[in-house]
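Note that these values count all heavy atoms, side chains included, but never hydrogens, waters or copies made by symmetry. Start at 1 and go down the list; that is how both ligands and their atoms are numbered.
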Amino acid sequence: MSTFSSTTQGHSSCSNERLHIEYVNASSHLTATNDAEAVIEGLTRSRSRKTLPPQFFYDDKGSQLFEKICTLPEYYPTRTEAWILQTYASEIVQKMGECELVELGSGSSTKTRLLLDACARQNYPLRYLPIDVSGGILQESAKQLLQDYPTLKVYGLVGTYEQALAKLPPVSLPHRAICFLGSTLGNFYPEECDRLLEQMAATLNTGDFVLLGLDLDKSPAILEPAYNDSQGVTAAFNRNMLSHLNWRFGGNFDPDLFDYEGRYNPEKSQMEMYLTARQSHQVRLEKLDLTVEFSPGEAILTEISRKFNVDRTENYLRDRGLSLIQTWHDPQKWFGLLLSQVL
Ligand code: AVJ
């Protein structure tokens, strides 16, 4: 039997013996203000520097489109990372010992199952702390996991990474491992990335782990098709962001007035995703009291996806108190799983 409760702080939670879900974002008033400010800030930048915050990709439709991207023939990262986990999960888990698995952006938890299976083979106690902004997907995947792993305990946190990391419960196994898979770290701008890693290191104790799944730098001949797929799913995923903004902010974006293109930026070793206005027009976002002018060919940067170099990342992590223990790759070294430990 589950119980739901609301506390005076406006946080709600749901729990039974094996499942506890905590909503750490319940005061969504602040979240809404931040979202509105981020949109206004991004769209009012001077000519040709317009940008939108990537969190607007992930409404229900956007999450579906992203799941579809993960299965596209050109989009190698998901299956490459899954291959590394399938091949090396036991080795990874043996390096970590008995550990609570914290996962940032747990989503459907598909890849995490490979780590849980490996923990189960070692007879480790199974404790999983998924963190996701979508309460729906978190509840659904937690329910499935509890059915499939009879000894698993789940403590889920619904909120942003920052909110949730600040609210982790006391550790109950010898160590904790924060897993951040799918190269999602690559979607963070450098300053955001610094802040997140500092918060991760500050949250963990000596001997705890960080497991990062990172897409590695490679030829644009492989990168660009991965973000410009022939079925146009990545384009639809980007245009959907404009529909999402229309819904959220009473807007009148016409997504079909924008072309999509993913471009590799060699100076920054990153993919950059752009929506470019085909013609001069105005867009109104009523709830933000905002009118935006687009000139022909003017672009909105919707997302960056940084591509990593293992040696540079090793130094970067060391500067933040994390020492690289081991890296696992696919045979082509397109993707890396980096295990680091708090010194
Ligand atoms: C969220 C990091 C997994 O950057 O590759 C995929 C997002 N955007 N295609 C990435 C994305 C367009 C993706 N990750």
Side-chain angles (χ1 to χ4, degrees), residues 51-85 103-112 130-134 137 160-161 178-190 192-193 196-197 211-244 255 258-265 268-276 299-309 313 330 334-338:
T51 159
L52 280 169
Q55 71 254 31
F56 289 105
F57 278 123
Y58 300 98
D59 60 356
D60 286 345
K61 182 83 210 277
S63 300
Q64 273 172 26
L65 287 166
F66 181 66
E67 293 291 317
K68 196 158 173 203
I69 287 175
C70 292
T71 66
L72 293 169
E74 298 96 331
Y75 193 74
Y76 63 86
T78 310
R79 62 185 133 80
T80 308
E81 184 178 47
W83 182 91
I84 303 171
L85 278 168
E103 184 170 26
L104 302 183
S106 48
S108 58
S109 303
T110 315
K111 286 177 284 196
T112 324
I131 294 174
D132 208 283
V133 277
S134 164
I137 226 178
T160 66
Y161 304 147
I178 297 182
C179 307
F180 198 19
L181 304 176
S183 204
T184 304
L185 189 64
N187 296 141
F188 285 68
Y189 286 89
E192 300 172 322
C193 181
L196 181 62
L197 268 145
L211 181 65
L212 290 175
L214 298 178
D215 195 15
L216 304 179
D217 203 10
K218 60 181 68 62
S219 161
I222 299 154
L223 286 168
E224 288 191 327
Y227 294 85
N228 296 282
D229 64 278
S230 60
Q231 295 171 55
V233 184
T234 311
F237 176 66
N238 274 262
R239 289 200 186 94
N240 178 65
M241 194 189 236
L242 303 180
S243 309
H244 184 197
F258 290 84
D259 289 316
Y260 164 76
E261 196 193 0
R263 280 197 293 259
Y264 183 66
N265 177 336
K268 296 189 173 171
S269 302
Q270 65 189 21
M271 283 302 301
E272 297 175 350
M273 278 142 274
Y274 293 99
L275 285 170
T276 304
I300 309 173
L301 174 62
T302 56
E303 185 177 47
I304 61 166
S305 188
R306 298 163 67 205
K307 303 304 165 190
F308 296 86
N309 164 290
T313 307
D330 55 299
W334 280 2
F335 203 94
L337 273 186
L338 281 70

For Y58, the atoms of ligand 1 under 4.0 Å from one of its heavy atoms are 1 (C)
Counting from 1 in the order shown, the ligand 1 atoms closer than 4.0 Å to a non-hydrogen atom of S183 are 2 (C)
Only distances under 3.5 Å count here; give the side-chain donor-acceptor pairs of residues 61-69 to other protein atoms, sequence neighbours excluded, each with its distance to 0.1 Å.
| residue | atom | partner | partner atom | Å |
| --- | --- | --- | --- | --- |
| S63 | OG | D59 | O | 3.1 |

Of all protein heavy atoms, the one nearest atom 8 (N) of ligand 1 is E303 OE1, 2.7 Å
Candidates F188, F237, Y75; heavy atom nearest atom 13 (C) of ligand 1 found on Y75
The answer for which part of Y227 has a heavy atom under 4.0 Å from ligand 1 is side chain
Could you check whether any heavy atom of P77 sits closer than 4.0 Å to an atom of ligand 1, since that is the contact criterion I want to use? no
At under 4.0 Å between heavy atoms, what of N187 touches ligand 1? The answer is side chain
The atoms of ligand 1 lying under 4.0 Å from a heavy atom of T184, numbered in the order shown, are 2 (C)
Task: Flag if over 12 foreign heavy atoms under 6.0 Å of CG, D60 - done: no
Do you see a donor-acceptor pair shorter than 3.5 Å between the side chains of K218 and Y264? no
Here the gap from L337 atom CG to K111 atom NZ, rounded to the nearest 0.5 Å, amounts to 9.0 Å
protein heavy-atom neighbour closest to atom 3 (C) of ligand 1 works out as G182 O, 3.2 Å
inquiry  = Is the positively charged end of R306 above the ring of F188, judged by distance under 6.0 angstrom from the centroid and angle within 45° of the axis?
reply    = no
Residue pairs meeting side chain to side chain donor-acceptor pair (under 3.5 Å), one or both in residues 219-232, sequence neighbours left out, come to E74-S230, Y227-S305, Y227-K307, D229-T234
query = So, is S305 polar-close to ligand 1, with some N/O to N/O distance under 3.5 Å?
reply = yes
For M273, the atoms of ligand 1 under 4.0 Å from one of its heavy atoms are 8 (N), 12 (C)
Have N238 and T302 got a donor and an acceptor in their side chains that come within less than 3.5 Å? yes
Counting heavy atoms under 4.0 Å, the part of M271 that contacts ligand 1 is neither
Note: R239 and Y260 closest approach over all heavy atoms is NH2-N, 3.9 Å
